[in-house]
Amino acid sequence: MKTHRTHHCAQLRKTDISQKIVLSGWVASRRDHGGLAFVDLRDREGLTQIVLDPQKLPAAHDLRSEFVIRIEGEVVARPEGTVNTKLATGEIEVRAEQLEILNKSETPPYPLDEENVGEDLRLQYRYLDLRRPAMARNLRTRHRVCKTVRDYMDEQGFLEIETPILFKSTPEGAREYIVPSRTNPGLFFALPQSPQQFKQLLMVAGVDKYFQLARCFRDEDLRADRQPEFTQIDLEMSFITREDIYRLIEGMLKRVWKEALSLEIVTPFERVTYHDVMDSYGSDKPDRRFEMRLQDFTETFKASTFKVFAGAVAAGGVVKAMNAKGLACVTQSQIDLLTEQAKTAGAKGLAWIKVEGGTWKSPIVKFFSEAEKAALTEKLKLEEGDLILFAADQWASACEVLGKLRLVVAEMLTKMGKLSVPKDRYDFFWVVDFPLITYDHVAQRHSATHHPFTSPVEEDVPLLATHPTKVRGQHYDIVLNGVELGGGSIRIHQPEVQKRIFEDILKIPKEIAETRFGYLIKALGYGAPPHGGIALGLDRLVAILCGTESIREVIAFPKNARAQDLMTSSPAEVEPRQLRELKIQVETGNR
RNA sequence: GGUCGCGUAGCUCAAUUGGUUAGAGCGCCGCCCUGUCACGGCGGAGGUUGCGAGUUCGAGCCUCGUCGCGACCGCCA
């Protein structure tokens, strides 16, 4: 039996010179000079240059891109002046003594070294796309992260336990994928949005410390950072407080950064309240790598002659402003664009002031007193060339509007070269003290800010009956560079509290609460320990480590924006027989 | 579901105001080439300009429809 290889394609060095070796791999490129030919042989690990003499090996002329070949030969030093410093193996080459074409290849539909190729084409030929060194590196990073997490969790005493993929529909949250049951015609499973309820049941079961790299499913519209199936680092622990989770996750991320990037990150992470982070940045997951904080001017404008501001304050609202440093150069159409953005965030309009040519230019500046101008100048540290953006509304809305503009403005400034967000900085922090309950003005009812199993902060429990939206939940989010990496909470472990949340606060009818969550409430009644957990988006985490925006770059076989797999052409129709067995009829004319 | 943008060679893109036979680079095919690594030289093939209609003497370009792709909003407890 012939060996296919003795080394991989990134392995050979000067110290291996004069060794007889065997390499196998793909032809990454060929440079055929007629009387002498070079081939860059590629495998998962890297490239090695092969030198072929066509007089001895005539098949050298037949080689084409992506042919799979086996080379027997000798490692030799490259001649003076032909060393390639860009290649790890660039000081040597392999002089081929035997060449075997193990498999030919069709001409690739697109050049594998081209970065800027339509993504639909890449997805259609994903098996070629994954051969590209950048993609191979992403797969490897993902593996390293998973391995590190498993090792760390094992050391911390956690058990990895699989939970069912065929689960029950719980229409409270995201839209679910539905799976029909043949053995129970007319009944359906749903694929889990997360293993939330099972991990709580595992705590009731006394498992104590559970984790899983859990596949989750959501049938919602997709984005660059959203796929219909994705993976969470999911965990749950018993007899803990929030602090235990913070320490555990800080330790895990420290290890992951060390393993994947060889970087030391500083722990513990800062903890910021939801109120403070919204107040300063207008977002519950701000990118703090650039400043541009929101400032409060409610006091300044409460008696202003500018009625829009004074009126907002009189109605119990706030006036907030932000200094878009260096953006006084915006055109009217860009102002219109910002106004449009502000409106989609819920504002009625957008007030702005350009600080340009030593004066303030704005349709509203004539209403401002000297004292008001002075307050703005001081708090916003105004300088020539700045642009002030205002929001006057109820606190939450004003913050949200400016928070959205903050991101748009940062993007504009970045494009102009006036702002650069440091790519190598990792700004981790915890957001805590979220409101447990949010009032949904559209649906005119209370809903759980995160999920209905979150435990209230103990001293706020009396407020549940009187001011439910003032109750803080024992929820925590971990944020990195403007991305919500994950979130979790200490859960409700007393059945009567859980029932009260479902029935009194969320107003889920008793029967529905019973059929949907009855088993959970029942389980809590059998000695559920205090417990809590967290879930981190593995895909987002790996994407950040790989320096890419899209999680599709770190998933081997992702779906496109319409949740289709272009390589296998799924979803697809099924046989009529299959539908008959399931007692399912498909409405015609809907495709 | 809504708004906006884009569909030209296998890939990435160009084509002046609507005007001759729709071009370039890479890739592909053939021939030549003994030190390349973006190899080089010569030659060649390759197009229903997404699809359908309309306006016009004339449409890649304008209009309408349609399909596909992408971004954003809604949605994502």
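Below, read A as the first sequence line, B as the second, and so on, with proteins coming before strands; counting in each chain starts at 1. Model, not experiment: these values are computed from the prediction.
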statement: With both pairing distances under 3.5 angstrom for Watson-Crick or G-U wobble, and | for a partner in another strand, the correct string for RNA chain B is (((((((..((((.....[...)))).(((((.......))))).....(((((..]....))))))))))))....
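- Side chain of S489(A) to main chain of R491(A): no donor-acceptor pair is present (N/O by atom type, distance under 3.5 Å, no hydrogens or angles).
- Scanning for salt bridge (Lys or Arg N to Asp or Glu O under 4.0 Å) contacts around D287(A) gives R289(A), with sequence neighbours left out.
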statement: Under a 4.0 Å heavy-atom criterion, the protein footprint on nucleotides 39-45 of chain B, written with B, S and -, is B------
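- For the side chain to side chain donor-acceptor pair (under 3.5 Å) with K559(A), the qualifying choice from E229(A), Q564(A), Q227(A) is E229(A), the only one to do so.
- Within 4.0 Å of R95(A), counting heavy atoms only, lies at least one base atom of the nucleic acid.
- Evaluation of the salt bridge (Lys or Arg N to Asp or Glu O under 4.0 Å) rule for E220(A) yields R175(A) as partners, not counting sequence neighbours.
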Could you list the donor-acceptor pairs under 3.5 angstrom formed between side-chain atoms of residues 511-523 of chain A and any protein atom two or more places apart in sequence or on another chain?
{"from": "T515(A)", "atom 1": "OG1", "to": "E511(A)", "atom 2": "O", "distance (Å)": "3.3"}
{"from": "T515(A)", "atom 1": "OG1", "to": "I512(A)", "atom 2": "O", "distance (Å)": "3.1"}
{"from": "Y519(A)", "atom 1": "OH", "to": "Q197(A)", "atom 2": "OE1", "distance (Å)": "2.2"}

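- Remark: R223(A) engages no residue in a salt bridge (Lys or Arg N to Asp or Glu O under 4.0 Å) (not counting sequence neighbours).
- When the ring-ring contact (aromatic ring centres under 6.0 Å, His included) test is applied to F38(A), the partners found at least two apart in sequence or on another chain are H33(A).
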message: Would D433(A) and R242(A) count as a salt bridge (charged side-chain N to carboxylate O under 4.0 Å, His left out) here? Give the steps.
response: CA-CA 11 Å; D433(A) 289 350; R242(A) 285 180 274 182; 3.5 Å; yes
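- E119(A) comes within 4.0 angstrom of no nucleic acid atom, judged by non-hydrogen atoms across all strands.
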Result block: side-chain N/O donor-acceptor pairs under 3.5 angstrom for residues 61-76 of chain A, not counting sequence neighbours:
{"from": "H61(A)", "atom 1": "ND1", "to": "D32(A)", "atom 2": "OD1", "distance (Å)": "3.4"}
{"from": "H61(A)", "atom 1": "ND1", "to": "D32(A)", "atom 2": "OD2", "distance (Å)": "2.7"}
{"from": "H61(A)", "atom 1": "NE2", "to": "G34(A)", "atom 2": "O", "distance (Å)": "3.4"}
{"from": "R64(A)", "atom 1": "NH1", "to": "H61(A)", "atom 2": "O", "distance (Å)": "3.1"}
{"from": "E66(A)", "atom 1": "OE1", "to": "R42(A)", "atom 2": "NH2", "distance (Å)": "2.7"}
{"from": "E66(A)", "atom 1": "OE1", "to": "R131(A)", "atom 2": "NH1", "distance (Å)": "2.8"}
{"from": "E66(A)", "atom 1": "OE2", "to": "R42(A)", "atom 2": "NH1", "distance (Å)": "3.3"}
{"from": "E66(A)", "atom 1": "OE2", "to": "R42(A)", "atom 2": "NH2", "distance (Å)": "3.4"}
{"from": "R70(A)", "atom 1": "NE", "to": "T3(A)", "atom 2": "O", "distance (Å)": "2.8"}
{"from": "R70(A)", "atom 1": "NH1", "to": "E72(A)", "atom 2": "OE2", "distance (Å)": "3.0"}
{"from": "R70(A)", "atom 1": "NH2", "to": "T3(A)", "atom 2": "O", "distance (Å)": "3.0"}
{"from": "R70(A)", "atom 1": "NH2", "to": "E72(A)", "atom 2": "OE2", "distance (Å)": "2.9"}

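- We find that the ring of F38(A) and the base of U36(B) stack, their centres lying under 5.5 angstrom apart and their planes tilted less than 30°.
- Across all strands shown, E93(A) has heavy atoms under 4.0 Å from base atoms, whether or not it also approaches the sugar-phosphate.
- Interface residues of residues 485-500 of chain A facing RNA chain B, ordered by number: none; criterion, heavy-atom separation under 4.0 Å.
- Within 3.5 Å, a donor on the side chain of R223(A) pairs with an acceptor on the base of G74(B), or the reverse.
- Within residues 51-78 of chain A, the residues approaching RNA chain B are R64(A), R78(A), by heavy-atom distance under 4.0 Å.
- Every salt bridge (Lys or Arg N to Asp or Glu O under 4.0 Å) that R132(A) has, sequence neighbours left out, goes to E115(A), D129(A).
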Would you tabulate the side-chain donor-acceptor contacts of residues 338-347 of chain A under 3.5 Å, counting partners in other chains and residues two or more places apart, or write 'none'?
{"from": "T339(A)", "atom 1": "OG1", "to": "I335(A)", "atom 2": "O", "distance (Å)": "2.8"}
{"from": "T344(A)", "atom 1": "OG1", "to": "Q341(A)", "atom 2": "O", "distance (Å)": "2.8"}

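- In the displayed structure, K168(A) atom NZ is contacted under 6.0 Å by more than 12 heavy atoms of other residues, nucleotides or ligands.
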field: D336(A)/Q332(A) under side chain to side chain donor-acceptor pair (under 3.5 Å): CA gap, chis, key distance, verdict
entry: CA-CA 6 Å; D336(A) 292 345; Q332(A) 185 56 44; 3.1 Å; yes
